[in-house]
Amino acid sequence: PSDINLINSLGVCYGVMGQLEKAGKEFKKAMALNPDEPMVLYNTGLLHHIRGDIDKAVSYLHKAHAVNNSIFHIELLLGDLLKKKNKPDTAILHLDRAGELNPLSALVFRLKGEIYLEEKQFEKAGMEFNKAIKTNPNDALSLSGYAMALERQDKNLSIALSFARKSIDLDPDNHVFKKRLWAIEEKINGIGPEKSQMKTA
């Protein structure tokens, strides 16, 4: 009854089984034994994230980060959630830290690429998506994101076209991917904005 690792693991088992109430009770027991155990704080944050409460999730993850900033999953999830909360600068800091802890994580590169894309920093976005694709060549989100980053820079449009097509091969029903492909095709074919609007209307 006083083994915090065992209690935390039991909570994780309940979480994986979808029994979130039971999982939460076990994490509370673990926190009563040690309120500064980073993995218990992380799992509690993850539980709130699954329940859709991003603010509570971020609060617990900040606590976990303050205790130990050398755990990849904490930095990754915190960066991802701060991205969703439209806090790009802080999100990048945690994703950079996650990348230091796991330099081969394609997800870190992709999340950073998505942030830079939203911030219209297209060159930086392209660099991050390129790293993600080198790590995972079948990452449809990174392929499409890289294609858009190139299109917005008017660079290597033939490569952008190839990546945009491959992203749709991997995810044929993704409307965002299709819109990005159309934008590249229109630019390559020299279709002006008025004709472009007529085509998509």
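When a residue number appears, it is its place in the shown sequence, counting from 1. Since the model is a prediction, treat every value here as computed from it, not as a measurement.
- A160 approaches I184 most closely through the heavy-atom pair O-CD1, 3.7 Å.
- F72 and L61 are assigned to two separate hydrophobic clusters, defined by single-linkage of ILVMFWY side chains at heavy-atom distances under 4.5 Å.
- Between N174 and I168 there is no side-chain heavy-atom pair separated by less than 4.5 Å.
- Counting heavy-atom neighbours within 6.0 Å of K178 NZ, excluding the residue itself, gives a total above 12.
- When the options E186, E185, K187, R180 are evaluated for a side-chain contact (heavy atoms from CB on, under 4.5 Å) with E151, the one that passes is K187.
- More than 12 heavy-atom neighbours from other residues, nucleotides or ligands sit within 6.0 angstrom of NZ on K84.
- Cation-pi geometry between K166 and F163 is not met at under 6.0 angstrom from the ring centre and within 45 degrees of the axis.
- Residues N34 and V40 are not in side-chain contact: their nearest non-hydrogen atoms beyond the backbone lie 4.5 Å or more apart.
- E123 CD: 12 or fewer foreign heavy atoms inside a 6.0 Å radius.
- Closest non-hydrogen pair, L81 versus A57, comes out as CD1-CB, 3.7 Å.
- The hydrophobic cluster containing F177 does not contain L143, counting ILVMFWY residues as joined when their side-chain heavy atoms lie under 4.5 angstrom apart, directly or transitively.
- By the 4.5 Å heavy-atom criterion applied to side chains, V12 and L10 are not counted as neighbours.
- Remark: the backbone N or O of N5 is paired with a side-chain donor or acceptor of S9 at under 3.5 angstrom.
- Here the CG-CG distance, from L76 to L107, works out to 5.0 Å after rounding to the nearest 0.5 Å.
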Exercise for the section: Would you please test S70 and E75 for side chain to side chain contact (heavy atoms under 4.5 Å, CB included) and show each step? Expected result: CA-CA 8 Å; S70 297; E75 301 304 312; over 6 Å; no
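- Taking the side chain as every heavy atom from C-beta outward, E118 and K83 approach each other to under 4.5 Å.
- Rounded to the nearest 0.5 angstrom, Y60 OH and H48 NE2 are separated by 4.5 Å.
- Residues V58 and H62 have side chains in contact (heavy-atom distance under 4.5 Å, counting atoms from C-beta outward).
- Between N68 and I74 the shortest heavy-atom distance is O-CD1, 4.4 Å.
- For the atom pair L77 CG and L111 CG, the distance stands at 10.0 Å (nearest 0.5 Å).
- A23 and G11 get closest at one heavy-atom pair: CB-O, 3.3 Å.
- In the hydrophobic clustering of ILVMFWY residues, with side-chain heavy atoms under 4.5 Å counting as a link, I115 and L93 come out apart.
- Looking only at distances, a side-chain donor or acceptor of N43 sits under 3.5 Å from a matching main-chain atom of M39.
- Here the side chain of R110 pairs no donor or acceptor atom with the backbone of L141 at under 3.5 angstrom.
- At least one side-chain heavy atom of N8 sits under 4.5 Å from a side-chain heavy atom of F27.
- Here the side chains of K63 and P38 are not in contact, with every heavy-atom distance at 4.5 Å or above.
- Residues R51 and L20 have side chains in contact (heavy-atom distance under 4.5 Å, counting atoms from C-beta outward).
- Neither L117 nor V176 shares a network with the other; the hydrophobic side chains, linked directly or stepwise wherever heavy atoms of I, L, V, M, F, W or Y lie under 4.5 Å apart, form separate groups for each.
- Closest heavy-atom contact between A140 and L170: CB-CB, 3.9 Å.
- Of the inter-residue distances, the one linking I92 atom CD1 with K124 atom NZ reads 8.0 Å to the nearest 0.5 angstrom.
- One N or O on the side chain of D139 and one on the backbone of S142 form a donor-acceptor pair closer than 3.5 Å.
- Distance check: Y146 OH to S167 OG gives 14.0 Å after rounding to the nearest 0.5 Å.
- Between E128 and K112 there is a salt bridge, since a side-chain N of the basic residue sits under 4.0 Å from a carboxylate O of the acidic one.
- Remark: R165 does not engage D169 in a salt bridge, criterion side-chain N to carboxylate O under 4.0 Å.
- Here the shortest heavy-atom pairing between P88 and E119 reads CG-OE2, 3.6 Å.
- A donor-acceptor pair under 3.5 Å links the side-chain atoms of T135 to the main chain of K131, judged by distance alone.
- Here the OH-CD distance, from Y14 to Q19, works out to 6.5 Å after rounding to the nearest 0.5 Å.
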Practice task
Could you walk me through whether L41 and M31 pass the side chain to side chain contact (heavy atoms under 4.5 Å, CB included) test, one step at a time?
Solution key: CA-CA 8 Å; L41 291 167; M31 274 193 282; 3.9 Å; yes
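- Under a hydrophobic-cluster definition in which Ile, Leu, Val, Met, Phe, Trp and Tyr are linked whenever side-chain heavy atoms come within less than 4.5 Å, directly or via other members, F122 and I159 are assigned to the same cluster.
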